[in-house]
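Scroll down for the structure; my scribbles are underneath it.
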Amino acid sequence: MEAVAVIDFETTGMSPGYGARATEIAAIIVRDGQIIDRYQSLMNAGVSVPWFITQLTGITTAMVRQAPSARQVMGEVADFVGDYPLVAHNASFDKKFWDAELAGIGHARQQDFICSMLLARRILPQAPNHKLGTLVDYAKLPVTGRYHRAEADAEMTAHLTLYLERELRRRFGLDAVSCQLLTQIQKTPASRLGDCVGRYGSGTTK
DNA sequence: TGCCAGGCCCTCTTTAGGGCCTT
């Protein structure tokens with residue numbers, strides 16, 4: 001698989017359209033089957049952290065008020081990931097915040113998202129459910145820190161993505177898995193996974 | 001204080017409803 005940037009946001013709520021802001025972001029660069037670089041920072045968007053979010057994440061209003069500005073952090077992380085494809089667990093969530101926070105500093109996203117949750121639904125339909133924590137446990141992947149903190153969740157999403165890549169290679173005898181194949185698998189029902197791999201994984205089968 | 005979303009997927013579907021997943 002080509003290099004990708006696995007990202008995870010912690011936020012004050014579910015939707016930037018209703019005033020929620022990012023409080024923390026992490027980005028993990030994965031290349032040649034391993035993690036090669038990482039970025040993590042809390043960020044101060046000038047908002048308070050709701051009590052239930054602090055209970056969930058451990059991130060407090062005091063912590064974000066001591067953090068660098070959202071403008072600074074988003075500029076740094078955008079430079080860090082460059083034009084690598086972005087991977088996130090339930091990417092529709094992180095995509096909303098990535099686009100909204102970048103728009104806040106006058107930038108626009110320049111790459112596509114790949115969703116590890118949609119991939120897991122296709123490749124591991126037998127898993128008990130497709131929450132990140134359940135999949136980490138199911139695949140016996142390392143728990144790299146506290147759930148609901150950006151760096152730990154991003155790192156576990158990176159390990160999950162590599163596991164899904166290995167599963168595809170093992171199950172279909174592929175030499176390599178491209179981002180194009182992963183993008184197509186996202187759009188394909190689980191029942192047609194084999195057809196999708198046959199069509200878009202062509203040229204890489206053993 | 002409590003509330004607010006939305007894309008995807010399945011089915012008791014498609015002129016819809018509800019669960020999953022993210023914070």
Side-chain angles (χ1 to χ4, degrees), chain A residues 5-28 40-64 67 70 73-74 77 85-104 109 111-139 141 143-161 163-164 182-193 195-196:
Chain A
V6 183
I7 70 161
D8 186 75
F9 276 109
E10 304 306 317
T11 73
T12 61
M14 300 305 293
S15 176
Y18 281 77
R21 294 295 304 271
T23 58
E24 185 180 39
I25 188 167
I28 305 271
Q40 176 275 334
S41 184
L42 291 162
M43 68 177 90
N44 183 2
V47 295
S48 296
V49 180
W51 177 84
F52 74 94
I53 293 289
T54 295
Q55 295 300 113
L56 180 71
T57 66
I59 296 170
T60 65
T61 297
M63 289 165 67
V64 297
V73 171
M74 289 307 301
V77 74
L86 298 174
V87 178
H89 199 68
N90 196 16
S92 66
F93 176 87
D94 293 275
K95 185 194 297 183
K96 285 188 299 187
F97 281 93
W98 182 265
D99 288 350
E101 295 291 350
L102 274 191
R109 175 163 53 90
Q111 63 269 79
D112 289 329
F113 267 86
I114 293 170
C115 178
S116 58
M117 184 191 74
L118 293 180
L119 293 175
R121 283 180 175 172
R122 272 66 163 171
I123 298 166
L124 303 174
Q126 72 279 17
N129 61 55
H130 298 90
K131 296 177 183 178
L132 178 60
T134 302
L135 291 166
V136 165
D137 185 54
Y138 178 82
L141 301 174
V143 177
T144 57
R146 174 181 174 150
Y147 282 108
H148 297 297
R149 284 302 299 265
E151 186 170 8
D153 281 3
E155 185 164 357
M156 288 187 280
T157 299
H159 285 299
L160 172 63
T161 303
Y163 176 86
L164 294 172
L182 297 181
T183 299
Q184 293 300 326
I185 287 173
Q186 290 183 117
K187 304 174 184 174
T188 303
S191 60
R192 297 190 58 210
L193 177 61
D195 293 341
C196 184

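Chain A is the first sequence line, chain B the second, and so forth, proteins listed ahead of strands; every chain is numbered from 1. Remember, predicted model here, so these are calculated numbers, not experimental data.
To the nearest angstrom, C1' of B:dC8 lies 17 Å from CZ of A:Arg192. Atom CD1 of A:Ile185 is separated from atom P of B:dC8 by 16 Å (rounded to the nearest Å). Atom P of nucleotide B:dC8 and atom CG of A:Leu119 are separated by 13 Å, given to the nearest angstrom. A:Asp99 places its CG atom 14 Å from the C1' atom of B:dG6, with the value rounded to the nearest Å.
Take A:Phe9 and apply the ring-ring contact (aromatic ring centres under 6.0 Å, His included) test, not counting sequence neighbours, and it matches no residue.
On the C1' atoms, B:dT23 is 16 Å away from B:dG7, given to the nearest whole Å. Annotation: B:dT22 and B:dC4 have their C1' atoms spaced 15 Å apart (nearest Å). Nucleotides B:dG2 and B:dC8 place their P atoms 33 Å apart, quoted to the nearest Å. When the P atom is used for both B:dC12 and B:dG19, the distance is 14 Å, rounded to whole Å. B:dT13 and B:dG18 are spaced 12 Å apart, taking the C1' atom of each and rounding to whole Å.
Side-chain contact between A:Ile114 and A:Gln186: present, with at least one pair of heavy atoms (C-beta onward) separated by less than 4.5 Å. In this structure, A:Asp112 and A:Thr183 have side chains that are not in contact, with every pair of non-hydrogen atoms separated by 4.5 Å or more.
Contact detail for A:Glu155 and A:Ile28: the closest heavy-atom pair is N-CG1, 4.0 Å. Of all non-hydrogen atoms in A:Val64 and A:Asn44, the two that sit nearest each other are O-CB, 2.9 Å.
As judged by a 4.0 angstrom heavy-atom cut-off over every strand, A:Gln186 is placed among residues touching the sugar-phosphate backbone only.
Applying the salt bridge (charged side-chain N to carboxylate O under 4.0 Å, His left out) test to residues at least two apart or on different chains, the pairs with a partner in residues 87-103 of chain A are A:Arg21-A:Glu101, A:Asp99-A:Arg109.
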Got a list of protein N/O to nucleotides 17-23 of chain B N/O distances below 3.5 Å?
residue, atom, partner, partner atom, Å
B:dC20, O2, A:Arg121, NH2, 3.4
B:dC21, OP1, A:His130, N, 2.6
B:dC21, O2, A:Asn90, ND2, 2.7
B:dT22, OP1, A:Leu132, N, 2.8
B:dT22, O4', A:Asn90, ND2, 2.9
B:dT22, O2, A:Asn90, ND2, 3.4
B:dT23, OP1, A:Asp153, OD2, 3.2
B:dT23, OP2, A:His148, ND1, 3.1
B:dT23, O3', A:Glu10, OE1, 2.6
B:dT23, O3', A:Thr11, N, 3.0

